[in-house]
Student: 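Below are the structure tokens for one structure; questions will follow.
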There are 2 protein chains.
Amino acid sequence: MAPPGRALKHVQVREYVRTLVGGSSPGSPAPSERELVQRFGVARMTVRQAMDALVVEGLLERIPGRGTFVARPRRTASKITGYTEEMTRRGLLAESQTLLARREQAGPGVARALSLTEGDAVIHWRRLRRADGVPMCLEDAYLNEVLLPGFLQQGMPTSLYDSLDARGLRPTWAEDSITADKATAEEAGLLEVEPFSVVLRHSRRALCDDKVVEVSRTVYRADRFTLWVQLGQDC
Amino acid sequence: MAPPGRALKHVQVREYVRTLVGGSSPGSPAPSERELVQRFGVARMTVRQAMDALVVEGLLERIPGRGTFVARPRRTASKITGYTEEMTRRGLLAESQTLLARREQAGPGVARALSLTEGDAVIHWRRLRRADGVPMCLEDAYLNEVLLPGFLQQGMPTSLYDSLDARGLRPTWAEDSITADKATAEEAGLLEVEPFSVVLRHSRRALCDDKVVEVSRTVYRADRFTLWVQLGQDC
DNA sequence: TAGTGGTCTAGACCACTAT
DNA sequence: TAGTGGTCTAGACCACTAG
């Protein structure tokens, strides 16, 4: 598959095994180490290096005295997703209406959250977001302009997270806070609910490596939205 | 430290390095591989096996051509905590008042959530929980009696999670759902808020390995509680 | 140039599992 | 008993970094 002259041997073995067991059910046997030694004409330590990587990755598990097998997939904690991805996952059609998209000077709260200095330029993007045509939430996102040059000029994307992804800024870390509250009159009007209806407020600070890429405050209609979170110690 | 005759060499090297760099700042150099080969009189592959484990663990990072260094600690996603631990972390005094603690037959919802059959015996534990003396939430926990023999007879612990911990059932995985709502009249009375006040409802299904150890529904006073969640892909 | 980690070899003995 | 993974040796050459 790959130019064999250039690929490292342990990488060749690793990718061979990955392809071989890809799609196999958990518990299926992987080739034995000595079998791979024969097939690739390499030392056993080289095969072990390849297999070690797949074990660490969670694809394989070793059982001493028995062999190496396809591991049961580990549970994965919640992915960090944006609205579009999340609604799509729920089988709903995500739509957004931009109410505001402009350059602003960061106030004290936003500046601190974005790790900037008060008065620095930030992008403020306010959207009314619908699911299957009905208002779901109102989102105010604040972005670091320095990380997103030309963002406002390029025409707003549908999905902020796709857009961050394309720039290599997909969040790898998020700090969320969630509270229950009543809608303000303005929020109620936009969300098409009675004034003072119950809402779920969701704030997020999303980082990619050590860069704060997004700070947002979203208010969800409580009658339409339940937040789901999976927590776990494996990834 | 450990009986040297019995410990595996790579474990000896690993623990030596762990002790040596324990408490060092990120970026501090670890001993070089060849230095450890000399010190322990082992092969380099053995040293590499030891160091590999520490790298996978996140304690060390290797920089080719430069050396091995103490890694910057990875961010850790939210721990799965119970009420007592969480309030303590926030600097509040956690107290609980048991309103109900009895054996019941599982209804359809609870049975499914606990991976049991309808009518199986479950423990139902209802508590009014205070923080610094003021009502914070009302929690209904359902536990699998088979996993917790004698639980009701032993007198209720303060912290369910400590109690699970002691039985080796500390949750390693949790599925939470969060909604905003209004309190029922009964909830409002217990929580000492006006009827129909805004509340945050939090449901949890907590597992230890593949066993469902806790299913709970908690209603928090919205005026006193903000839920915090950290999401990330390293652990 | 000296030192580092990255890769690789060609063996070895062990404990354990399955037949 | 044959096969498996776990551990370990005593070297080797490479690319890279730093002084």
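We name chains A, B, ... by the order of the sequence lines, and we start the count at 1 in each one.
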Student: Respond yes when some side-chain nitrogen or oxygen of S32(B) is under 4.0 Å from OP1 or OP2 of dG3(C), and no when none is.
Tutor: no

Student: Taking CD1 from I63(B) and C1' from dC16(D), how many angstroms apart are they, rounded to a whole number?
Tutor: 12 Å

Student: Should R170(A) and E85(A) count as an ion pair when the cut-off is N to O under 4.0 Å?
Tutor: yes

Student: Kindly assign one of parallel, tilted or perpendicular to the pair F40(A) and Y16(A), based on the angle between their ring planes and the thresholds 30° and 60°.
Tutor: perpendicular

Student: Is there any protein nitrogen or oxygen under 3.5 Å from a nitrogen or oxygen in nucleotides 12-14 of chain C, and what are the pairs?
Tutor:
| from | atom 1 | to | atom 2 | distance (Å) |
| --- | --- | --- | --- | --- |
| dA12(C) | N6 | R44(A) | NH1 | 3.3 |

Student: Choose from dG5(C), dC8(C), dG5(D) the nucleotide whose nearest atom is closest to any side-chain atom of H10(A).
Tutor: dC8(C)

Student: Taking CD from E61(A) and C1' from dT4(D), how many angstroms apart are they, rounded to a whole number?
Tutor: 15 Å

Student: Need to verify one output field. Residue with the more 5' nearest nucleotide on DNA chain C, G41(A) or G65(A)?
Tutor: G41(A)

Student: Using 4.0 Å as the upper bound for N to carboxylate O, is an ion pair formed by R48(B) and E33(B)?
Tutor: yes

Student: Counting Watson-Crick and G-U wobble pairs only, both distances under 3.5 Å, name the nucleotide matched with dT17(D), or none.
Tutor: dA2(C)

Student: Mapping M45(A) and M51(A) to their closest nucleotides on DNA chain D, which lands nearer the 5' end?
Tutor: M51(A)

Student: Work out which heavy atom in P157(B) is nearest to a heavy atom in R127(B); give both atom names and the distance.
Tutor: O-NH1, 4.3 Å

Student: For the residue pair Y220(A) and F225(A), categorise the inter-ring angle as parallel (less than 30°), tilted (30 to 60°) or perpendicular (more than 60°).
Tutor: parallel

Student: Less than 4.0 angstrom between a side-chain N/O of T46(A) and OP1 or OP2 of dT9(C), yes or no?
Tutor: yes

Student: Could you give the CZ-to-C1' distance, from R48(A) to dT9(C), as a whole number of Å?
Tutor: 16 Å

Student: Between dC8(D), dG6(D), dG5(C), which nucleotide gets closest to the side-chain atoms of P64(A)?
Tutor: dG6(D)

Student: Please determine whether side chain to side chain contact (heavy atoms under 4.5 Å, CB included) holds for the pair L100(B) and R102(B), giving the CA-CA distance in whole Å, both sets of side-chain angles, and the decisive distance to 0.1 Å.
Tutor: CA-CA 6 Å; L100(B) 194 100; R102(B) 67 178 182 205; 3.8 Å; yes

Student: Can you identify which nucleotide, out of dT17(D), dT7(D), dG5(C), has its nearest atom closest to the R66(B) side chain?
Tutor: dT17(D)

